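Okay, structure first, notes after.
Please read these numbers as outputs of a predicted model, since none were measured by experiment. Reckoned from all heavy atoms, side chains included, excluding hydrogens, waters and symmetry mates.
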Amino acid sequence: MKKGPIKIEPFRHPVTVDPQYADKTWKVLEDAIREIHNQNASGLSFEELYRNAYNMVLHKYGPRLYEGLIRTLTAHLTEVAKKIEEKEGAPFLRELKKRWDEHTKSSQMIRDILMYMDRTFVVQQQKTPVFTLGLELWRDVVVRNRAISERLLAIVSSLIMKERQGEVIERGLIKSVTQMLGELGHAVYVEDFEKPFLAAAAEFYRKEAQEYITSSDCPEYLRKAEARLGEEAERCGAYLDANSTEPKITRVVETELLKAQAARTTLAITSNAPFLVHPVPPLLLPMPPQVRHMLCEHVKEVGRALVSDPERSKDPVEYVQALLDMRDKYERIITQAFADDKTFRNALNQAFEHFVNLNVRSPEFISLFIDDKLRRGIKGLSDTDVEGVLDKVMALFRYLQEKDVFEKYYKQHLAKRLLSGRTTSDDAERNLLVKLKTECGYQFTSKLESMFTDIKTSRDTMNEFRTRLVETGKLEAELGGIDLQVQVLTTGSWPTQAPSKCNLPRELEAACESFRNFYLSTHSGRRLTFQPNMGTADLRAVFGAGRRHELNVSTYQMCVLLLFNEADSLSYRDIAQATEIPAPDLKRALQSLACVKGRNVLRKEPAGKDVADSDVFFYNDKFTSKLIKVKISTVAATKEGESEKAETRQKVEEDRKPQIEAAIVRIMKARQRLDHNTIITEVTRQLQARFVPNPATIKKRIESLIEREFLARDEADRKFYTYVA
């Protein structure tokens, strides 16, 4: 006999269970569950009920207990559903909320009684836990009851619709419903409420979009769309599932109010562009190419009307200011409405370049605008504001195709400012010069910089001249008390003007001759030519009753006024003979002296605004002014006459010829052999930074180069040119 380990087994005795035990125990539990549902749980012993449920599971009656629970809950919820169905409108939602609250409270109590079953039987058999079972049965028996679900959705949708239309609703009722659906599971919320809600919202906004688009302009339409987006977001936060529903309802509103209406909305955006100060919703960005095209065409149309308006062209400063205001407006639209989209900015630049160059006088007008600002327009502005004005002007300058024409006018206007000392800020002048140099290169500004150098050099020269006269004791003898200031200008750097004949007064002639002798003695090989048409003078004058004034006049006006020291009256012919000033300049000088109210130091007979050859002029001893210093300006030519315009244009064309020829030679030297069209293209590309050359002009310059044997026609193919080394 083998020896093995000793086993001690428990004492076995037969356990007998009452055959009616399961029925009796379940009956007790079933009655208790009914009492809990009837809100009569106060008299129940939860300890005893827990023990009964524990024993049923222990004695293998778990399936009986679980199935019985399902039947009891289903029967109860069927009755609950009937009671809810009896209600309509808001009372329906209140009844649903009340019954739901009671059901969740009862389910928690039942779960506590059947806790042992939850921990053992439910886990082992992979059944649904008691509380979750209660929720699922509520979902299937109550919420998804066809009558209840349809009515629930209809009532909630109706309330939300009323709120969209501006009515006040009881939000708490809807919130209780959405919370209930959320507690039944996110899928329940989505399937039973969210999807139908979104579908209804899409239909609502689809119809509303049609109403808005026909009754509102673009900014108003976008404001309404944004308001709707805000309302839906607020609604989601108040009584819907914000995390789930807000992005979806936002997408619906954007789709129906914006994306689905994109073509019509973008058309409205473009047509209302002058009034648009509202951002285009991100959903519409980036905008389709046709919208950029529409905006470009719209700006071109507005711009063409502006540059072709004869009233605008009468005032160059107003003309350019209107262009700047227009550009600011559309820049603001692109920045605020189109999120500063680069493609829209390019379209705007393209439009401006188109219409700015339609007016051949745009280069002149921009130069006159700068002249006005630098003379007086920036006085009192901060450095930042001045920088802003210059940057805006430079933006217009970039649109010009004929930058060399601008250079011509700018040089003339800069010369007048420098020679008259009427520039407001040397820093602003230099700053603009730097901007032009950055934009167009050193060649563009080299002569302009030379003009500033001449002014500085002239100051030093005059100081040396005076010092020499003081040292030699000839100051009074040579200048005769005249405070002479001479600006020595380098020929070629300054605007070329034909020397004008003018008989200077004897005293001034002697002073000028003294300076000429000094200058030529220190600068050999140079020649001085005085330009009286570009000078100014200050005269001390005495009028009736001893009234004394200091008159600031042009050199021509000075020559005229000094004649009246010898006579009280002179005819136009006498003045013309004595001064030999060119007739147009003389007449303008006399107009300024005799026909401008408040500046009429001379009197003309017969009276009138124009000067005739038969007019007689008198010293006006009755002249009065509140100012001691009186400036008498020659009527400034804010616009050129036809002959002057033709002359300027001719000068520009002459200056272009060597530039075109130089470009042709550079290209041909590098490529050796090219056809005519390629040369045209390459020359245009190289010169477009300064001007766009005319193909006919390029052809003429090619012919000229062939005549001078820089180029030759290819013998094999006459369409080609070859470079002659």
Using a distance-only test with no angle check, is there a side-chain donor-acceptor pair under 3.5 angstrom linking [X] and [Y]?
{"X": "Asp574", "Y": "Ser571", "answer": "yes"}
{"X": "Gln487", "Y": "Asp454", "answer": "no"}
{"X": "His354", "Y": "Arg304", "answer": "yes"}
{"X": "Arg708", "Y": "Ser704", "answer": "yes"}
{"X": "Arg671", "Y": "Tyr721", "answer": "no"}

Apply salt bridge (Lys or Arg N to Asp or Glu O under 4.0 Å) to Asp460 and Lys456, showing your working. CA-CA 7 Å; Asp460 297 338; Lys456 183 178 183 304; 3.8 Å; yes

Side chains of [X] and [Y]: closer than 4.5 Å at any heavy-atom pair?
{"X": "Glu703", "Y": "Ile698", "answer": "no"}
{"X": "Thr536", "Y": "Val553", "answer": "no"}
{"X": "Arg656", "Y": "Glu653", "answer": "yes"}
{"X": "Thr579", "Y": "Tyr556", "answer": "no"}
{"X": "Glu318", "Y": "Glu311", "answer": "no"}
{"X": "Phe369", "Y": "Tyr319", "answer": "no"}

Inspect the contact between Asp371 and Arg417 and indicate whether a charged nitrogen and a carboxylate oxygen are less than 4.0 angstrom apart.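 Yes.
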
What I want to find out is whether Lys700 reaches Glu661 closely enough, with some N-O distance under 4.0 Å, to be called a salt bridge.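 Salt bridge: no.
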
Donor-acceptor contact present, side-chain [X] to main-chain [Y], <3.5 Å:
{"X": "Glu353", "Y": "Gln350", "result": "no"}
{"X": "Thr445", "Y": "Leu448", "result": "no"}
{"X": "Ser367", "Y": "Tyr410", "result": "yes"}
{"X": "Gln591", "Y": "Lys609", "result": "yes"}

Report yes or no: is the cationic atom of Lys437 (NZ for Lys, CZ for Arg) under 6.0 Å from the centre of the six-membered ring of Tyr442, at an angle within 45° of the ring normal? no

Taking the ring of Phe617 and the ring of Tyr572, is the distance between their centroids below 6.0 Å? no

For the aromatic rings, using the six-membered ring if either is Trp, is the centroid distance between Tyr619 and Phe564 under 6.0 Å? no

About how many Å separate NZ of Lys403 and CD of Glu439, when rounded to the nearest 0.5 Å? 6.5 Å

What verdict does the side chain to side chain donor-acceptor pair (under 3.5 Å) test give for Gln321 and Asp325, after you've listed the backbone C-alpha separation in whole Å, the side-chain angles of each residue and the deciding distance to 0.1 Å? CA-CA 6 Å; Gln321 188 60 55; Asp325 292 343; 3.0 Å; yes

